Colleague: 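Below is a structure I'd like to ask you about.
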Amino acid sequence: MDTVMDLTVWGGEPETLGELEELLTDLEKTWSVTDRDSLLSRLNRGETPALTDEQRALLEQAQALSDWTGGAFDPRLHALSLAWGFYGGGGHVPTQAEIDRALSERQWDMGGMLKGYAGAACARLLEKTSVRRAMLVLGGNVQTYGSKPDGAAWQIGIQDPAGGDPIALLEVTGTRAVVTSGDYQRYFEENGVRYHHILDPVTGYPSDSGLRSVTVVCADGATADALSTALFVMGLEKGSQFWRDSGDFEAVFLTADGRLFATSGLTLTGCDYEVISR
Ligand code: AMP
Ligand code: MG
């Protein structure tokens with residue numbers, strides 16, 4: 001999935017880490033957009049491969065998340081990401097005609113939710129083992145499982161887009177997905193302008209919603225991941241209203257001018273922030 005993954009489990013059997021690795025490798029093989037033999041590539045070529053119940057459910061969940069977010073999360077922007085050159089480096093600004101064509105192609109890309117889904121799938125696997133606690137870091141996605149050995153809350157850092165120490169710590173307890181989408185995670189520069197990888201499905205351009213990052217905390221990993229992408233596209237105002245209307249998750253917004261906002265169900269430490277209330 002083109003990122004570094006760091007899996008820590010407490011207790012359990014020695015083979016559990018191997019099983020997690022196998023699960024992640026299988027998901028990568030199935031849903032990769034760059035591997036021409038993946039299930040996703042076959043779907044994108046218009047083939048009709050047999051799907052397992054789980055695979056069908058993931059595609060349906062992706063569509064449902066897109067509908068729920070009014071299309072801000074759009075799992076069918078593969079041709080657009082390709083037009084921007086976001087795979088394999090060497091990005092470039094496409095022409096308007098290229099953007100229009102790419103937007104009409106509707107090719108699957110699960111990159112906006114796959115790592116969160118993978119974290120949740122790992123947590124489900126752990127339920128069948130004797131592992132009682134785990135911290136799974138899949139790129140910008142964190143999946144906690146169970147409680148910390150000392151019973152204290154998990155502390156998750158919110159990354160500073162400029163690098164270095166986290167700008168805030170987020171406390172969560174139990175099994176949770178904590179997923180961040182940020183404009184600093186993948187980008188290129190052309191003529192002094194930065195272009196990042198979270199695309200606005202309306203304009204076809206990198207989302208220009210005034211945010212640097214959005215972190216979502218939710219019981220379900222795939223939902224957390226899709227929402228982090230969607231709320232980034234919506235921006236602070238629309239994203240806050242979306243949270244008020246729907247609940248079931250919490251979010252932290254980091255604005256371009258460096259302000260932090262957190263929905264009222266969260267506690268941040270080590271920073272100043274404003275609370276978003278219902
Ligand atoms: P994330 O890091 O979870 O925000 O996902 C970003 C990745 O999802 C990008 O690298 C693209 O593969 C894909 N993507 C970009 N824009 C969107 C969007 N608006 N909705 C869904 N997926 C997107
Ligand atoms: Mg996401």
Side-chain angles (χ1 to χ4, degrees), residues 1-5 27-28 31-35 38 40-41 43-44 58-59 61-91 94 99 102-103 105-120 137-143 158-159 161 177-188 194-209 211-218 220-235 238-239 242 249 251-254:
M1 298 182 204
D2 198 22
T3 191
V4 176
M5 298 190 172
L27 285 174
E28 158 95 59
W31 300 108
S32 167
V33 272
T34 47
D35 176 356
S38 72
L40 199 75
S41 294
L43 289 170
N44 280 341
L58 178 55
L59 290 171
Q61 189 182 8
Q63 189 55 53
L65 287 161
S66 182
D67 295 344
W68 183 34
T69 59
F73 174 78
D74 185 343
R76 305 191 70 157
L77 295 179
H78 172 53
L80 187 63
S81 289
L82 210 55
W84 281 93
F86 277 119
Y87 301 107
I99 288 177
L103 276 171
E105 281 186 23
R106 312 296 301 143
Q107 299 247 314
W108 287 102
D109 169 15
M110 306 301 267
M113 68 184 283
L114 187 62
K115 291 198 289 284
Y117 176 81
V137 183
L138 316 180
N141 294 35
V142 174
Q143 173 76 50
I158 295 188
Q159 201 174 320
V178 184
V179 177
T180 298
S181 289
D183 69 358
Y184 53 86
Q185 290 170 336
R186 190 176 299 193
Y187 62 90
F188 67 86
R194 264 172 102 254
Y195 297 91
H196 65 82
H197 70 309
I198 303 171
L199 301 170
D200 184 331
V202 174
T203 63
Y205 268 72
S207 166
D208 184 19
S209 63
L211 296 175
R212 296 302 312 271
S213 74
V214 177
T215 301
V216 172
V217 182
C218 181
D220 177 58
T223 306
D225 197 351
L227 282 179
S228 71
T229 309
L231 294 176
F232 189 98
V233 171
M234 288 181 202
K238 270 182 84 179
F242 183 81
F249 68 91
V252 181
F253 299 83
L254 173 63

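Here the structure is a predicted model, which is why all the values come from computation and not from measurement. One-based numbering, in listed order, for ligands and for the atoms of each.
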Colleague: Would you mind telling me which of Y187, F86, F232, F188 makes a ring pair (Phe, Tyr, Trp, His ring centres under 6.0 Å) with H196?
Modeller: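 Testing H196 for a ring pair (Phe, Tyr, Trp, His ring centres under 6.0 Å) against Y187, F86, F232, F188 leaves exactly one candidate, F232.
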Colleague: Considering non-hydrogen atoms of the protein only, which is the closest contact for atom 19 (N) of ligand 1, and what is the distance?
Modeller: L199 O, 2.8 Å
Colleague: Could you check whether any heavy atom of R186 sits closer than 4.0 Å to an atom of ligand 1, since that is the contact criterion I want to use?
Modeller: no
Colleague: Is Q185 touching ligand 1 with its side chain, its backbone, both, or neither, if touching means heavy atoms under 4.0 Å apart?
Modeller: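 The side chain, only.
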Colleague: Has K115 got an N, O or S atom lying less than 2.8 Å from the Mg ion (ligand 2)?
Modeller: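 No.
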Colleague: For atom 10 (O) of ligand 1, what's the nearest protein heavy atom and its distance?
Modeller: H197 CD2, 3.1 Å
Colleague: Look at atom 22 (N) of ligand 1 and say which protein heavy atom is nearest, naming residue and atom and giving the distance to 0.1 Å.
Modeller: D74 O, 3.6 Å
Colleague: Please classify the D200 to ligand 1 contact at 4.0 Å (heavy-atom distances, strictly less than): side chain, backbone, both or neither.
Modeller: neither
Colleague: Verify the distance criterion only: is there a donor paired with an acceptor across the side chains of S32 and S38 at less than 3.5 Å?
Modeller: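 Distance-only check fails for S32 and S38.
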Colleague: Tell me the protein heavy atom at minimum distance from atom 23 (C) of ligand 1, and give that distance in Å.
Modeller: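 Closest protein heavy atom to atom 23 (C) of ligand 1: T229 CG2, 4.0 Å.
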Colleague: What pair of heavy atoms forms the shortest contact from H197 to G182, and how long is it?
Modeller: CE1-O, 3.3 Å
Colleague: Is it true that some N/O/S atom of S181, main chain or side chain, lies under 2.8 Å from the Mg ion (ligand 2)?
Modeller: no
Colleague: Looking only at the side chains, is there a donor atom on one of T223 and D220 sitting less than 3.5 Å from an acceptor on the other?
Modeller: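 Yes, side-chain donor-acceptor contact under 3.5 Å.
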Colleague: Can you tell me which portion of A72 lies within the under-4.0 Å heavy-atom range of ligand 1? Options are side chain, backbone, both, or neither.
Modeller: backbone
Colleague: Give the residue, atom name and distance (to 0.1 Å) of the protein heavy atom nearest atom 4 (O) of ligand 1.
Modeller: S181 OG, 2.6 Å
Colleague: For atom 5 (O) of ligand 1, find the nearest protein heavy atom and state the residue, atom name and distance (0.1 Å precision).
Modeller: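 That would be G112 CA, 3.3 Å.
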Colleague: Nearest to atom 12 (O) of ligand 1, what protein heavy atom do you find, and at what distance?
Modeller: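 Answer, as residue, atom name and distance: D109 OD2, 2.5 Å.
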Colleague: Could you tell me whether ligand 1 has any atom less than 4.0 Å away from a heavy atom of F73?
Modeller: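 It does, in that a heavy atom of F73 comes within the 4.0 Å cut-off of ligand 1.
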Colleague: Looking only at heavy atoms, which two atoms of D109 and Y87 are closest? And how far apart?
Modeller: OD2-OH, 3.3 Å
